[in-house]
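Below is one structure; the comments refer to it alone.
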Amino acid sequence: MVNQGEAEVPKGAPRWLFWLILSCLSVFFAEVVTGSSPTGVISVWGVIALIPLYGLHAMILAALTHRRGTPHVAVMVAAGAVFGLYEAYITKVAWHPYFPTPGFRLIGLDMTAILWVILAYHPLMSFLVPVAVADALCLHTGQWRLWTPVKLRRVLLNPKQAPWTVAILGLLTGIFNATTHPKGNGLFTAVMMILNAGLIALLVTIWNRRSRGEMLPMKQGLPTGVGLLGAGLALEAVFLIQGSNIQVAFMPALRYQISIWVLYALFIWIFWRGSQQALVCEPPRRPHVFGQGPRALVLFGIFMGLGTISGERLPDPVKAVFLIVTILWIIGWSWWMYYKAFKLATRGIIKVVKDRRYGNSASLP
């Protein structure tokens, strides 16, 4: 088991560099993949707005979920839901999406934005995937294997199958991108994807050379104590600055914000309780294979670009079916994870209730 207490950040590998890599990965998978911000981290907007927003969320939530070790994948998804709720007070998307939706509303909330963007896409692509990739590329603890489906994990650990798997994943991701943006932007978007992936791969290469590829538990690479408090204050400043400049006219009355407060409280409670039960993370036997190196990220970016260009040429009905199936699959998977996270969060409570009901006082706290 990886000892969370003894490991230290390798000399020559500054912790801020890992924070930057995690931040860039979050922006890449959240914004570049969908085409919402194709320039990603290589633009002024990406540096001054996206990296602080996504990076601070990712660092803080990863630090909180890893405070007792490697959390269950369902706990990571629940924490990702807290991440996604920034779409309420910063972008106001929870109440007024900037993309077309069926218009189904409940308690003032646009349910398409809630179910898809906030509670499905962000938990997966803004948080879980970036943290897992950061672990695979930089920390080499192998905990990403605990969050990855068994079949996918096997091929990524196979030196012969990993390159093809990464290429196929990139191609499918590019096709997904082609279904979410207007025609004619494919070539530009593809170039931006490759440049973003290349820049992050360069940062990863620098980190690995300075750290000499040493294994480092996620908890040790993230801010703690005063650093975590400072990150929290910085995130609050981001909310105040960006929230007061984006779609301000669509901020609803307080009675329509109560549902967002409830969602915040619910998912914070779920991931906080669930993260108290850490998983055993055995060190990998093969700490470095193709699927865990910066080359894989470059290959992913190249094939994602190719997928975007080729995806634009698909007939509209095919793109519509691909988009709908992808969205429904991610939504279904995320809610299955929420169910598991809720079970983890209530496990201790249910046990106490049962013990009291049947008079087993020895198990009471």
Side-chain angles (χ1 to χ4, degrees), residues 2-30 41 46-71 75-76 78-86 89-90 122-123 126-141 143-144 200 203-204 206-212 214-243 264 267-268 271-276 278 281:
V2 176
N3 192 320
Q4 299 281 354
E6 296 180 358
E8 295 181 357
V9 178
K11 294 181 179 180
R15 189 177 292 181
W16 63 262
L17 180 57
F18 176 70
W19 299 350
L20 178 60
I21 292 171
L22 178 58
S23 302
C24 290
L25 285 170
S26 185
V27 173
F28 178 73
F29 286 106
V41 299
V47 172
I48 66 174
L50 297 181
I51 288 180
L53 173 62
Y54 283 91
L56 289 169
H57 268 101
M59 286 189 295
I60 293 170
L61 291 171
L64 293 176
T65 53
H66 284 78
R67 70 190 192 279
R68 293 198 176 185
T70 301
V75 174
M76 292 291 288
V82 178
F83 192 142
L85 284 168
Y86 87 79
Y89 286 105
I90 291 184
H122 277 303
S126 299
F127 187 57
L128 178 61
V129 171
V131 174
V133 172
D135 174 74
L137 296 179
C138 301
L139 305 183
H140 314 299
T141 67
Q143 73 174 21
W144 65 272
I200 300 173
L203 295 174
V204 171
I206 295 172
W207 167 271
N208 284 328
R209 286 183 178 179
R210 292 190 175 186
S211 68
R212 299 178 182 178
E214 295 181 22
M215 190 183 303
L216 178 69
M218 181 69 68
K219 182 179 179 180
Q220 303 301 325
L222 294 167
T224 57
V226 176
L228 185 59
L229 177 60
L233 294 175
L235 182 59
E236 183 178 355
V238 169
F239 266 80
L240 292 174
I241 295 172
Q242 296 191 19
Y264 261 116
F267 285 108
I268 288 174
F271 92 71
W272 186 263
R273 286 277 307 177
S275 62
Q276 294 178 8
C281 181

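Residues Gln220 and His66 fail the side-chain proximity criterion, which asks for heavy atoms closer than 4.5 Å. Under the 4.5 Å side-chain criterion, counting only non-hydrogen atoms from C-beta, Tyr264 is in contact with Val82. Inter-residue side-chain proximity for Trp19 and Pro223 is flagged as met; some heavy-atom pair is nearer than 4.5 Å. A heavy-atom distance below 4.5 Å is found between the side chains of Ile90 and Leu53. Val238 is not listed as a side-chain neighbour of Tyr86, based on a closest heavy-atom distance of 4.5 Å or more. Using a 4.5 Å cut-off on side-chain heavy atoms (C-beta onward), Phe18 and Leu139 make contact. Under the 4.5 Å side-chain criterion, counting only non-hydrogen atoms from C-beta, Phe127 is in contact with Met76. Side-chain contact between Ile21 and Leu137 is absent, with no heavy-atom pair separated by less than 4.5 Å.
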side-chain contact (heavy atoms from CB on, under 4.5 Å) between Thr141 and Leu216, intermediate numbers included: CA-CA 6 Å; Thr141 67; Leu216 178 69; 5.6 Å; no
Candidate pair Trp207 and Leu203, rule side-chain contact (heavy atoms from CB on, under 4.5 Å), full reasoning: CA-CA 6 Å; Trp207 167 271; Leu203 295 174; over 6 Å; no
Derivation and outcome, side-chain hydrogen bond (donor to acceptor under 3.5 Å, both in side chains), residues Ser275 and Arg67: CA-CA 8 Å; Ser275 62; Arg67 70 190 192 279; 2.4 Å; yes
Test side-chain contact (heavy atoms from CB on, under 4.5 Å) applied to Met218 and Asp135, step by step: CA-CA 7 Å; Met218 181 69 68; Asp135 174 74; 4.0 Å; yes
Pair Lys219-Thr70, side-chain contact (heavy atoms from CB on, under 4.5 Å): steps then yes or no: CA-CA 9 Å; Lys219 182 179 179 180; Thr70 301; over 6 Å; no
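The two atoms that bring Ala62 and Val131 nearest to each other are CB-CG2, 4.4 Å, heavy atoms only. Between Pro130 and Ser26, the closest heavy-atom pair is CG-CA, 3.6 Å. When all heavy atoms are compared, the tightest approach of His122 to Gly84 is CB-CA, 3.6 Å.
The line from CG of Leu22 to SG of Cys138 is 9.0 Å long, rounded to the nearest 0.5 Å. How far CG of Leu25 is from OH of Tyr54: 13.5 Å, rounded to the nearest 0.5 Å. Remark: Arg15 CZ to Leu20 CG distance equals 15.0 Å, nearest 0.5 Å. Once rounded to the nearest 0.5 Å, the distance linking CZ of Phe271 with OG1 of Thr65 reads 7.0 Å. Note that CG of Leu64 is 9.5 Å distant from CG of Leu222, once rounded to the nearest 0.5 Å.
Evaluation of the side-chain hydrogen bond (donor to acceptor under 3.5 Å, both in side chains) rule for His57 yields no partner, not counting sequence neighbours. Among residues two or more places apart in sequence or in another chain, the side chain to side chain contact (heavy atoms under 4.5 Å, CB included) test is passed with Ser23 by Ile51.
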Side-chain donor/acceptor pairs under 3.5 Å, residues 225-232, sequence neighbours excluded:
none

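Side-chain atoms of Ser126 never come within 3.5 Å of backbone atoms of Pro123 as a donor-acceptor pair (strictly under, hydrogens ignored). Gln276 places no side-chain N or O within 3.5 Å of a backbone atom of Arg68 that could act as its donor or acceptor partner.
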